[in-house]
Amino acid sequence: MAVQISPSILSADFARLADEAARIAEVADWLHVDVMDNHFVPNLTLGLPVVESLLKHATLPLDCHLMIEDPDRWAPEYAAAGARNVTIHAEAVHAPVRTLRAIRSAGARAGLAVNPGTPVEPYHDLLPEVDMLLLMTVEPGFGGQHFLDLVLPKLRRARELIGRHGGAVWLQVDGGVSHETIERCADAGADVFVAGSAVYDSDDPAGVVQALRAQAEHATAHAAWAAGNVPGRPG
Ligand code: DX5
Ligand code: ZN
């Protein structure tokens, strides 16, 4: 279990996406791509053609977060195009088992996202179909929003569910993750951290990624949930 940082290009300059991706390529683990269709969320960003272009230029694996009305239709196409992870929303998907399996069959990791007001317990039985759970820590749609502390208890419960499941499911947080909030997320159980404005509103995006990783690693090393997994610590 290692901390992973996934900077979101939502806060980058959309006219210079390849350059913006390159700024963090040496220090980040993923490039988080927010696909919004103006139906599932009240914002419109980019779709498959832009992702296909980005795949030609970005060296980091793409972490595609689909905030769209019809993930059953579109998610497998992002996987087939070459996205390394494709995350769909529980609130939008109609046939989660089929769609998560289609993502995996097309060669990507399969992610399942829940909004702040959506409980995670109903998805416990889906964990064998999932490589990553995404707990939104803002209402999806826009960068630069305030982190919602009310999601922290759910994050702890999600980490427990994953522990009981026993599989290697990653737990991602997305929304308002910054130097002020990342330690709380790591302490509660997150291991994959999306950060948009914290990274791209900075003059030194790579430096921010490194600092966020150091904070998250420090908090994880002291987190009760991770005690059994950290060498040298009592389980
Ligand atoms: C919001 C998106 C996020 C967004 C996060 O709906 O899913 O990925 O880029 O931006 P910040 O980190 O600024 O909250
Ligand atoms: Zn996102």
Side-chain angles (χ1 to χ4, degrees), residues 4-14 17 20-21 23-24 28-47 50-51 54 58 60-69 71 74-75 78 83-93 108-118 131-152 155 170-186 190-206 208-209 211-213 215-216:
Q4 299 184 75
I5 309 290
S6 186
S8 165
I9 54 164
L10 185 62
S11 292
D13 181 346
F14 270 28
L17 284 181
E20 295 280 72
R23 294 173 83 188
I24 48 94
D29 300 284
W30 295 85
L31 188 66
H32 184 85
V33 179
D34 289 301
V35 176
M36 304 185 188
D37 66 353
N38 198 35
H39 290 276
F40 181 68
V41 289
N43 196 7
L44 185 66
T45 54
L46 50 84
V50 174
V51 167
L54 207 43
L60 286 171
L62 297 196
D63 169 24
C64 287
H65 175 195
L66 305 187
M67 286 159 278
I68 61 176
E69 198 173 57
W74 290 104
Y78 285 85
R84 194 80 62 83
N85 178 81
V86 180
T87 295
I88 57 173
H89 266 265
E91 301 85 357
V93 67
R109 296 176 60 90
L112 184 68
V114 294
N115 286 339
T118 302
D131 297 300
M132 182 169 77
L133 265 185
L134 164 53
L135 266 52
M136 292 302 301
T137 40
V138 298
E139 292 290 0
F142 301 93
Q145 301 183 76
H146 283 295
F147 180 83
L148 294 174
D149 277 288
L150 63 84
V151 179
L152 290 174
L155 200 46
W170 298 348
L171 185 52
Q172 186 178 59
V173 283
D174 181 8
V177 176
S178 69
H179 72 279
E180 285 177 18
T181 58
I182 195 165
E183 290 175 4
R184 271 175 264 168
C185 296
D191 55 4
V192 187
F193 304 85
V194 177
S197 52
V199 170
Y200 279 108
D201 286 357
S202 158
D203 294 333
D204 179 18
V208 171
V209 170
L212 289 173
R213 186 191 302 282
Q215 277 187 282

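One is the number of the first residue; the rest follow in order along the sequence. Because only heavy atoms are used, hydrogens play no part in the values below, and waters and symmetry mates are left out as well, while side chains stay in. In this text, all values refer to a predicted model and were calculated from it rather than measured experimentally. Order of appearance sets the numbers: ligands from 1, and atoms from 1 within every ligand.
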D63 side-chain N/O to N85 backbone N/O, donor-acceptor pair under 3.5 Å: no
Any side-chain donor-acceptor pair under 3.5 Å between D34 and S8? yes
How about CZ on R109, more than 12 heavy atoms from neighbouring residues, nucleotides or ligands closer than 6.0 Å, or not? yes
Trace of the side-chain contact (heavy atoms from CB on, under 4.5 Å) decision for E91 with V114: CA-CA 7 Å; E91 301 85 357; V114 294; 4.1 Å; yes
Any protein N/O atoms within less than 3.5 Å of an N/O atom in ligand 1? List the atom names and distances, or say none.
unit_1	atom_1	unit_2	atom_2	d
ligand 1	6 (O)	G141	N	2.7
ligand 1	7 (O)	D34	OD1	2.9
ligand 1	7 (O)	H65	ND1	3.3
ligand 1	7 (O)	D174	OD2	2.9
ligand 1	8 (O)	H32	NE2	3.3
ligand 1	8 (O)	D34	OD1	3.1
ligand 1	8 (O)	D34	OD2	2.8
ligand 1	8 (O)	D174	OD1	2.7
ligand 1	8 (O)	D174	OD2	3.0
ligand 1	9 (O)	S8	OG	2.8
ligand 1	9 (O)	D34	OD2	3.1
ligand 1	12 (O)	G196	N	2.8
ligand 1	13 (O)	G144	N	2.8
ligand 1	13 (O)	S197	N	3.0
ligand 1	13 (O)	S197	OG	2.5
ligand 1	14 (O)	G176	N	2.8

What are the two closest non-hydrogen atoms of E20 and Y200, and how far apart are they? O-OH, 2.7 Å
Near the Zn ion (ligand 2), which protein N/O/S atoms are found at less than 2.8 Å? H32 NE2, D34 OD1, H65 ND1, D174 OD2
Check C185 against L155 and note the closest heavy-atom contact, atom names and distance. O-CD2, 3.8 Å
For E139, is there any backbone N or O sitting under 3.5 Å from a side-chain donor or acceptor partner on N115? no
The single option from V33, I88, T87, V35 that satisfies side-chain contact (heavy atoms from CB on, under 4.5 Å) with Y78 is V35
For H39, does the NE2 atom sit with more than 12 other heavy atoms under 6.0 Å from it, leaving out its own atoms? yes
